[in-house]
Amino acid sequence: MRYWLMKSEPDEASIDHLAEAPHHTLPWTGVRNYQARNFMRDTMQVGDGVLFYHSSCPEPGIAGIAAVASTPYPDPTQFDRKSPYYDPKSDHETPRWTLVDVVFKQKIALIPLATLREHPELADMRVLAKGNRLSITPVTEAEWRFITKHLA
DNA sequence: GCCAACGTTGGC
DNA sequence: GCCAACGTTGGC
């Protein structure tokens, strides 16, 4: 059992979209960064905990709790010429981009980025590291416990 | 809109 | 393999 923080732009896929999706589940499409892909492809397991983070928006922060809901499979948007995530260099025989499904667990009062930075217990969170741009980052069990018990 | 930080591309 | 140029991320 591992824990993750996954960023999403709420204009595209917010915690509310996830809650209202069929089976409360969405495929995590559009990741086009190898490190983030590798986390989904190689390390994530069904049931892993997910902090659902809203980024590139007026109030960035953790907006809810979710969980990994599938084993990895090819991201269909890489083959869709009409998708902004279309990748002409990928092909069906050796798909370049892999994703997992994510299932809604609960919505929480938004924990703003500034609040996360206030707590020394969270000082080493990958997502708070200077210059971090990774859309998927590991969360330690201690960080997960602190956030879900004291901030959520 | 600005800009720091980082990842990717491609010429050599 | 190096590295400059370019594109993207994402907070502010």
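We name chains A, B, ... by the order of the sequence lines, and we start the count at 1 in each one.
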Whole Å only: how far is the [atom1] atom of [X] from the [atom2] atom of [N]?
X         : N       : atom1 : atom2 : value
Leu134(A) : dG10(C) : CG    : P     : 9 Å
Asn33(A)  : dC6(B)  : CG    : P     : 13 Å
Asn132(A) : dT8(C)  : CG    : P     : 19 Å
Ile62(A)  : dG11(C) : CD1   : P     : 12 Å
Gln35(A)  : dT9(C)  : CD    : C1'   : 14 Å
Met125(A) : dG11(C) : CE    : P     : 13 Å
Glu12(A)  : dT9(C)  : CD    : P     : 10 Å
Met6(A)   : dG10(C) : CE    : C1'   : 18 Å

OP1 or OP2 of [N] under 4.0 Å from side-chain N/O of [X]:
X         : N       : result
Lys130(A) : dA5(B)  : yes
Tyr53(A)  : dG11(C) : yes
Lys7(A)   : dT9(C)  : no
Lys89(A)  : dT8(B)  : no

Query raised in the report: For the atom pair OH (Tyr3(A)) and OG1 (Thr148(A)), what is the distance rounded to the nearest 0.5 Å?
Result: 8.0 Å
Query - Straight-line distance of Leu51(A) CG to Ile62(A) CD1, nearest 0.5 Å - result: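 Nearest 0.5 Å value for the CG-CD1 distance: 4.5 Å.
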Query raised in the report: Is the closest side-chain donor-acceptor distance between Tyr73(A) and Arg41(A) under 3.5 Å?
Result: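 Not at all, the side chains of Tyr73(A) and Arg41(A) share no donor-acceptor pair under 3.5 Å.
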Report task. Could you work out which one of dA5(B), dT8(B), dG11(C) sits closest to the side chain of Arg133(A)? Result -> dA5(B)
**Report entry** Sidechain N-carboxylate O distance under 4.0 Å for Asp16(A), Lys107(A)
**Finding:**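 Salt bridge present between Asp16(A) and Lys107(A).
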